[in-house]
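Accompanying notes for the structure given below.
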Amino acid sequence: MNSRFLGAHNRESLDSRFVCLLIDDILAIDAGDLTSSLSLEAQQQLKAILLTHQHYDHIRDVPAIAINLFFRGGTINIYSSQTVYDTISAHLLNGKVYPKFLELPETNPTVKFTVIEPHRPEQIEDYSVLAVPVHHNDNAFGYQITSPDGKTVFYTGDTGTNLTDCWAYILPQLLIAEVTVPDRYQGFAQETGHLTPSLLKQELVSFRELKGYLPLVVLVHMDPALEEEIKAEIEMVAEFLNAPITLAYKGMQLHL
Ligand SMILES: [Zn+2]
Ligand SMILES: [Zn+2]
């Protein structure tokens with residue numbers, strides 16, 4: 001299983017892109033930077049998009065890819081909570097901001113939406129996908145993706161602390177987690193449902209206590225202006241845990 005990071009940050013600029021992951025070229029998780037990262041042909045190869053929650057940095061390219069596929073006669077399957085579906089249908093693909101691609105073209109709508117239930121494995125193409133609630137906003141999910149040959153990735157999406165009830169459901173070889181700000185912004189992180197390096201450390205300690213191992217850990221959703229500070233603090237966390245932790249960047253790829 002190949003995981004490619006199309007975007008790895010929480011804010012966009014010339015040097016940073018919103019979070020967006022691509023599994024084996026066909027399965028996207030979050031849609032922060034799908035269209036500017038992929039050729040029209042590569043966009044048409046996509047089979048499904050999983051959305052973790054409805055914040056703009058995670059759904060931004062849904063309308064952009066929908067219109068590209070519409071003009072090429074393609075379709076895309078999108079999976080998310082009911083909350084994300086309601087947001088996109090009411091506020092983005094609503095006939096005002098952008099066409100109603102959930103209904104157009106009438107014979108075969110471009111966007112086919114499936115509301116996914118947490119803790120209930122869903123077969124998507126050849127993958128088993130498990131949505132697991134995390135603590136960020138209403139109905140935010142992390143996703144565990146298991147390939148046919150048994151390789152497993154878990155992506156937390158945006159999340160605050162208290163992930164023990166989430167860890168109970170997953171068994172990944174690769175954990176893609178968020179760390180948004182350095183430790184000195186812990187108050188902000190706790191108010192907005194995000195992790196700092198120290199908060200991540202607590203969650204990884206609880207993971208290892210519960211599961212008896214630590215997966216490979218890769219981080220996304222860093223604030224680009226604070227990344228050097230985050231990186232220095234993460235190096236100390238990795239040393240404490242005696243485990244490698246890597247900050248992702250646009251274009252990074254990992255093979256399991
Ligand atoms: Zn968010
Ligand atoms: Zn976000």
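In listed order, ligands and their atoms are each counted from 1.
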Original post:
Please walk me through it: do Tyr79 and Phe113 pass ring pair (Phe, Tyr, Trp, His ring centres under 6.0 Å)?
Top reply: CA-CA 6 Å; Tyr79 296 81; Phe113 226 107; 8.4 Å; no
**OP:** Examine distances only and state if a side-chain atom of Ser81 and a backbone atom of Ala140 form a donor-acceptor pair shorter than 3.5 Å.
**Re:**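 Side chain of Ser81 to backbone of Ala140: no pair is present.
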**OP:** Could you check Arg11, His221, Glu12 and say which one makes a side chain to side chain contact (heavy atoms under 4.5 Å, CB included) with Asp57?
**Re:**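 With Asp57 as partner, side chain to side chain contact (heavy atoms under 4.5 Å, CB included) holds for just one option, His221.
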Subject >> Heteroatom N/O/S of His55 within less than 2.8 Å of the Zn ion (ligand 2) >> reply: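 No, outside the cut-off.
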Subject >> Any N, O or S atom of His58 closer than 2.8 Å to the Zn ion (ligand 2) >> reply: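 For His58, the answer is yes, given that an N, O or S atom comes within less than 2.8 Å of the Zn ion (ligand 2).
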Original post:
Is the distance between the Zn ion (ligand 1) and the nearest N/O/S atom of Asp158 smaller than 2.8 Å?
Top reply: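 Here the distance criterion (N, O or S atom, under 2.8 Å) is met by Asp158, so yes.
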Original post:
Are any N, O or S atoms from His136 nearer to the Zn ion (ligand 1) than 2.8 Å?
Top reply: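 Given the 2.8 Å cut-off, His136 counts as a ligand of the Zn ion (ligand 1).
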Subject >> Residue Asp57 atom name (nearest to the Zn ion (ligand 2); N/O/S) >> reply: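 Closest N, O or S atom of Asp57 to the Zn ion (ligand 2): OD2.
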Subject >> His221, N/O/S atom nearest the Zn ion (ligand 2) >> reply: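 Among the N, O or S atoms of His221, the one closest to the Zn ion (ligand 2) is NE2.
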**OP:** Specify whether His136 and His55 have parallel, tilted or perpendicular ring planes, treating 30° as the upper limit for parallel and 60° as the lower limit for perpendicular.
**Re:**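 Rings of His136 and His55: perpendicular, as their planes differ by over 60°.
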Subject >> Non-hydrogen side-chain atoms of Leu175 and Trp167 separated by less than 4.5 Å >> reply: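 Yes, side chains in contact.
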